Amino acid sequence: MMTSILLRRAAARASSTSPRSTHDNIPFMVALASSSCRRQVCTIATMNHNIMQGSIRHRRHAVAAAAAGNRYPRMDYLSASNIELVGQRHYHCHHQHQQYYQIQHQQKQTDINLHYRRHLASSLAHFSSSTSGSGDATNTSTTTTAASSTTTTDNKKVTTLSIIAKKRRNQKITMVTAYDYPSAVHVDRAGMDIVLVGDSCAMVELGFETTLPITLDQMIHHCQAVKRGAPNRPLLVGDMPFGSYEFDNVDIALQNAYRMVKEGGMDAVKFEGGTEARSKIVRHVVQGGIAVLGHVGLTPQAINVLGGFRAQGRKAEQARTLLDEALRLQDAGAFAVVLECIPSNVASVITEQLEIPTIGIGAGGGTSGQVLVFHDLLGMLSHPHHEEFCPKFCKKYASVGIHINDGLAQFKKEVEEGMFPGKEYSPYTMSAEEEAIFNDLVSKDKAKVGLTSETPDESDQLNLYGSKH
Ligand SMILES: Nc1nc(=O)c2c([nH]1)NC[C@@H]1CN(c3ccc(C(=O)N[C@@H](CCC(=O)O)C(=O)O)cc3)CN21
Ligand SMILES: CC(C)C(=O)C(=O)O
């Protein structure tokens, strides 16, 4: 209450003295009020005097979203983990359990624009030099390089802000899907930034032909297992399944997204599509305190409209529509956008024009990060059925499926030939004394059974239901 009043006053003061942002929702002030270390409440004042309040998690997302909603946010004032302000920092007021920080938006938009263009130029130069060095490497050496560079000892929680900061620092973002406990453990251990509980689950885990059949309840079930496997470090993003968010009534999307967060344990949700209608949904969900990952290009939930899993944006006009959609999602508050199956040059331009990061799949190397499906990159399903769904843009970093096949075939063979388990895998023993008593007991039981089963057709009189005829 106190926080709100003080913030409203400060908001009024600040907006009368500082130049107005082009985007009214950019947070210029973040207040942290903590009654105890464990329960923190936050309040964010925006230029149009909106006061957003929520839990510590909502604060993080709301700040990211509101900041991302501005084309040129002053994200350099916000550190990844705790919204501490660096640079022009105005210490506003300090009570026993309250801290107030004020962010000033003074720099002219043109200056910032120039800054990002320079940043982009150096980012592209860096990208081309780094890819030319490793692009032709063999599978093995690439895997080794990847393993040593992505396995992290840094256990800090990945947040939407640290994802955005990675793009600014020219560091690539890594995202891999996981659908259950073991895959989540592996993806977390490998140090990926983001774990995506994708609705590709319908295809690679549940055996459907498309992503359409999976339900919200099923997605939540998978999200819960992933959360148990990777509870702390990576950013967990859950795919909103087909039919759970597309309605004019944006509250349906919000309610279902809350389920993904509260029941599924997700940090963020992903929606497919970037039309006006879809961006309204994204804005509503972000305003509700949930971080949103956008997704444009090939949006597999629209397979029946698109006519198949095929590349998008290969015509100039369509490519420009994709750019418009990505910009729209950024304006709506998405913290990043997935670009799926689009020409590399289009993905590079979108990445250049967006402030928020892009995460590509089949979109070339000019995006801010890459995502692949767990089973695809590990070569998990090495049988003909999988060939249908393993897209040609996917590089196989392992052939796990072959090992699975070999292992299962060997087990079957050894059981059938009586080679397994053998002595080595029969670890539980009895003392000789207990064994003697046991054998004695069993032979007595046998004698009893022998007496009662003397009538030959007695067992025939029992049918499946246990009654006698
Ligand atoms: N295992 C798996 N990996 C994925 O990457 C993935 C899924 N499943 N399911 C959901 C979507 C669907 N995706 C796909 C699936 C297939 C192609 C593919 O094979 N495309 C063909 C062209 C097909 C056509 O033109 O009709 C290609 O040659 O790239 C592309 C993306 C990406 N996603
Ligand atoms: C392919 C990725 C981006 C996805 O959406 C999924 O796994 O469902």
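One-based numbering, in listed order, for ligands and for the atoms of each. These values consider heavy atoms only, across backbone and side chains, with no hydrogens, waters or symmetry-generated copies. Since we're looking at a predicted model, the values are computed, not measured.
The shortest distance between side-chain heavy atoms of H186 and V176 does not fall below 4.5 Å. Counting heavy atoms from C-beta on, the side chains of I194 and L293 never come closer than 4.5 Å. Using a 4.5 Å cut-off on side-chain heavy atoms (C-beta onward), F374 and V187 make contact. Contact annotation: the side chain of D376 approaches that of P391 to within less than 4.5 Å [non-hydrogen atoms, C-beta and beyond]. In this structure, L339 and I361 have side chains that are not in contact, with every pair of non-hydrogen atoms separated by 4.5 Å or more.
Salt bridge present: R259 and D217 bring a charged side-chain N and a carboxylate O closer than 4.0 Å. Ion pairing of E325 with R328 is absent here, as no side-chain N (NZ or NE/NH1/NH2) approaches a carboxylate O to less than 4.0 Å.
Only side-chain heavy atoms of L298 come within less than 4.0 Å of ligand 1; its backbone N, CA, C and O stay farther off. Contact annotation for T177 and ligand 2: only side-chain heavy atoms (C-beta onward) come within less than 4.0 Å of the ligand. For D239, every heavy-atom contact with ligand 2 shorter than 4.0 Å involves the side chain, none the backbone.
From the protein, the heavy atom lying nearest to atom 7 (O) of ligand 2 is S200 OG, 2.6 Å. The nearest heavy-atom contact from the protein to atom 2 (C) of ligand 2 is L196 CD2, 3.8 Å. Of the protein's non-hydrogen atoms, the one nearest atom 1 (C) of ligand 2 is I361 CD1, 3.6 Å. Annotation: atom 5 (O) of ligand 2 to nearest protein heavy atom, K270 NZ, 3.0 Å.
Aromatic ring orientation, F271 versus Y245: perpendicular (interplanar angle above 60°, classes split at 30° and 60°).
Residue L372 places every heavy atom at 4.0 Å or more from ligand 1. Using 4.0 Å as the threshold, M175 has no heavy atom nearer than that to any atom of ligand 2. Ligand 1 is never approached by H375 to a heavy-atom distance shorter than 4.0 Å. Distances shorter than 4.0 angstrom occur between a heavy atom of S200 and an atom of ligand 1.
When each of H295, E272, M260, M266 is tested with M240 by the rule side-chain contact (heavy atoms from CB on, under 4.5 Å), just one qualifies, namely M260. With D193 as reference, K166 is the one residue of K172, K166, R233 to meet the side-chain hydrogen bond (donor to acceptor under 3.5 Å, both in side chains) rule.
Nearest-residue assignment for atom 19 (O) of ligand 1 (options G307, A202, G297, P391; heavy-atom criterion): P391. Evaluated by nearest non-hydrogen atom to atom 12 (C) of ligand 1, the leading choice among F374, F309, F208 is F309.
Each of the atoms 8 (O) of ligand 2 lies under 4.0 Å from some heavy atom of D199. Near G198, the atoms of ligand 2 lying under 4.0 angstrom from a non-hydrogen atom of the residue are 6 (C), 7 (O), 8 (O).
Separation of atoms CZ (F411) and CZ (F420) is listed at 6.0 Å; rounding is to 0.5 Å. The NE2 atom of H375 sits 4.0 Å away from the CD atom of E205 when rounded to the nearest 0.5 Å.
Considering backbone and side-chain N/O atoms, Y179 never comes within less than 3.5 Å of an N/O atom of ligand 2. Considering backbone and side-chain N/O of E272, none are found under 3.5 Å from N/O of ligand 2. Where the criterion is an N or O separation shorter than 3.5 Å, residue side chain and backbone included, C341 fails it with respect to ligand 1. At a 3.5 angstrom cut-off on N or O pairs, E340 does not count as close to ligand 2.
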